[in-house]
Amino acid sequence: MLNNDTQGFHPQNWAQAVSELNQSAVDYVLVTVLGSAGSTPRAAGSKMVVTGEQIYDTIGGGHLEFKAIEQARRILTEGDDGQTVEHFPLGASLGQCCGGSVTLLFEPMFSLAMSVDVYGAGHVAHALMTILAGLPVQVRWIDSRAELFPDQVPANIQIVVDEDPTEQIKFSRPGAANVILTHNHQLDFALVEKLIKQLSNREQAGFIGVIGSNTKAKRFRMRLEHKQFTAQQVALMTCPIGLSNVEGKLPMEVAVSIAAQLMQQYQQKKHQQKKHRSAPARKGVQWQQIKSLLKAEVISQ
């Protein structure tokens, strides 16, 4: 199944998808057929849109499309914001009967809104959502218990039901803030352990915040050290989550404390983006590369 939670493709065309994804602050890759030679599924100019979990429109199906989706999601996972061009001989490398060749342009579009993955749908999480709904963040709200979620949520919040919430870590966006508020300490630790393993291999480490007491934090750190995690890796975990100077134990009081800490995170990200924009612009794919690939296709016709 190519989509994570729906069968087949969405009915929207690529232009409709781009409009909706931009409004929802969802990362995506726009895949365009730059050129084709011989017998191919779709003509030059055909486009499709790929997100971490969804697919919109088509460049012709078959193994070519599978490889394009795979490449697009690799780009999203790695957070690579440069354009890339790939050449695919259909018969030789992909086993398609068309026998032609296709050149694809991959254009990643990353939202400037900070991503927040919230694990757990208890009282604190419900209170937190009322605050996050009004902030410039894109939220994935994750739990195994579908009955705990409200019928409707704001546009910047996506409900994700998964029997094993740790499986959703592979869909997290580079630099995302991870907020762990589950009902189960063992699940909390499993999430922390898996997040640390994944984030340690990323350039943008992100944030891991866990609800709990100082005693819970100490126990988790001891368990991580026992599992041979380094001091630097253990330091990726913030427990208890929230600002220490925002007191109170009511769900909304705890939620305000957590939201304030997340605001610090996205303000820091905003400053980093300004610094990045002031640096020399990163070059995308060069025209010479596109020209040489298209020329090769013309010669092969």
Side-chain angles (χ1 to χ4, degrees), residues 1 4-5 26-27 29 50-53 69-81 108 110-111 114-122 124-125 128 137-145 158 160-242 258 261-262 264-266 268-269 272:
M1 187 166 65
N4 183 48
D5 55 6
V26 175
D27 297 342
V29 175
V50 180
T51 74
E53 300 176 353
I69 293 166
E70 188 178 59
Q71 172 70 0
R73 287 183 172 156
R74 186 181 303 114
I75 290 169
L76 290 173
T77 300
E78 294 174 357
D80 186 354
D81 60 358
F110 290 103
S111 169
M114 185 178 81
S115 292
V116 181
D117 288 351
V118 178
Y119 295 89
V124 173
L128 180 62
V137 296
Q138 185 66 30
V139 182
R140 291 196 313 144
W141 191 7
I142 305 160
D143 202 297
S144 60
R145 302 162 294 173
Q158 174 193 4
V160 180
V161 179
D162 195 320
E163 291 184 1
D164 182 1
T166 65
E167 287 296 305
Q168 288 298 315
I169 291 174
K170 61 188 175 187
F171 300 115
S172 69
R173 180 180 162 195
N178 300 276
V179 179
I180 301 174
L181 310 173
T182 85
H183 62 295
N184 186 308
H185 281 210
Q186 187 55 40
L187 176 57
D188 286 353
F189 185 80
L191 286 164
V192 169
E193 184 178 9
K194 195 167 182 178
L195 279 165
I196 289 177
K197 287 179 180 178
Q198 176 164 306
L199 300 187
S200 297
N201 296 323
R202 286 184 172 178
E203 186 175 339
Q204 295 174 282
F207 170 83
I208 306 173
V210 187
I211 195 169
S213 63
N214 289 324
T215 300
K216 177 179 177 180
K218 183 178 180 180
R219 187 180 301 117
F220 274 27
R221 292 189 181 99
M222 289 179 61
R223 290 181 65 183
L224 290 169
E225 290 167 0
H226 182 72
K227 287 176 171 283
Q228 306 302 313
F229 284 88
T230 66
Q232 185 178 8
Q233 288 177 310
V234 174
L236 290 173
M237 179 188 70
T238 297
C239 184
I241 190 175
I258 294 171
Q261 191 168 45
L262 291 176
Q264 289 183 334
Q265 293 293 317
Y266 78 65
Q268 182 181 358
K269 180 181 179 182
Q272 291 173 343

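These values consider heavy atoms only, across backbone and side chains, with no hydrogens, waters or symmetry-generated copies.
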For a 4.5 angstrom cut-off between non-hydrogen side-chain atoms, does K197 reach E193? yes

Provide the closest heavy-atom pair for Q198 versus K170 in the form atom of the first, atom of the second, distance. OE1-CA, 3.8 Å

Show the numbers, then the answer: is there a side-chain contact (heavy atoms from CB on, under 4.5 Å) between V234 and I196? CA-CA 8 Å; V234 174; I196 289 177; 5.7 Å; no

If only atom types and distance count, is the side chain of R140 paired as donor or acceptor with the main-chain N or O of V118 below 3.5 Å? no

Search all heavy atoms of P240 against all heavy atoms of G212 and return the closest pair with its distance. CB-O, 3.0 Å

Given T166, which of L187, L195, V192 fulfils the side-chain contact (heavy atoms from CB on, under 4.5 Å) condition? L187

Non-hydrogen side-chain atoms of R74 and Q71 separated by less than 4.5 Å: yes

Any L262 side-chain heavy atom under 4.5 Å of V137 side chain: no

To the nearest 0.5 Å, tell me how far R223 CZ sits from F229 CZ. 11.0 Å

Rounded to the nearest 0.5 Å, the CZ atom of F110 sits from the CD1 atom of I75 at a distance of 8.0 Å

Can you see which heavy atom on A125 is nearest to which on G120, and at what distance? CB-O, 3.2 Å

Hey, could you give me the CE/CG distance between M237 and D188, rounded to the nearest 0.5 Å? 10.5 Å

Do Q265 side-chain atoms and A177 backbone N/O form a donor-acceptor pair below 3.5 Å? no

Is any side-chain heavy atom of W141 closer than 4.5 Å to one of V116? no

Calculate, to the nearest 0.5 Å, the distance between atoms CD and CG belonging to E53 and L76 respectively. 11.0 Å

Side-chain heavy atoms of V139 within contact of L128, under 4.5 Å: no

What's the spacing between I142 CD1 and I180 CD1 if we round to 0.5 Å? 10.0 Å

4.5 Å side-chain heavy-atom contact, K227 and Q233: no

If only atom types and distance count, is the side chain of K216 paired as donor or acceptor with the main-chain N or O of I211 below 3.5 Å? yes

With sequence neighbours left out, write down each residue that passes ring pair (Phe, Tyr, Trp, His ring centres under 6.0 Å) with F189, or none if nothing qualifies. F220

Donor on one side chain, acceptor on other, H185 and R219, under 3.5 Å: no

P108: which of V50, V29, D27 passes side-chain contact (heavy atoms from CB on, under 4.5 Å): V29

Minimum heavy-atom separation for C239 to S213, with atom names? SG-O, 4.2 Å

Pairwise side-chain contact, I169 with L191, heavy-atom cut-off 4.5 Å (strictly under): yes

Which distance, rounded to the nearest 0.5 Å, do you find between the CD of Q168 and the CG of D164? 9.0 Å

Heavy-atom pair of closest approach, residues T238 and Q261: CG2-NE2, 3.8 Å

Can a donor-acceptor pair be found, under 3.5 Å and without considering hydrogens, that links the side chain of D162 to the backbone of S144? no

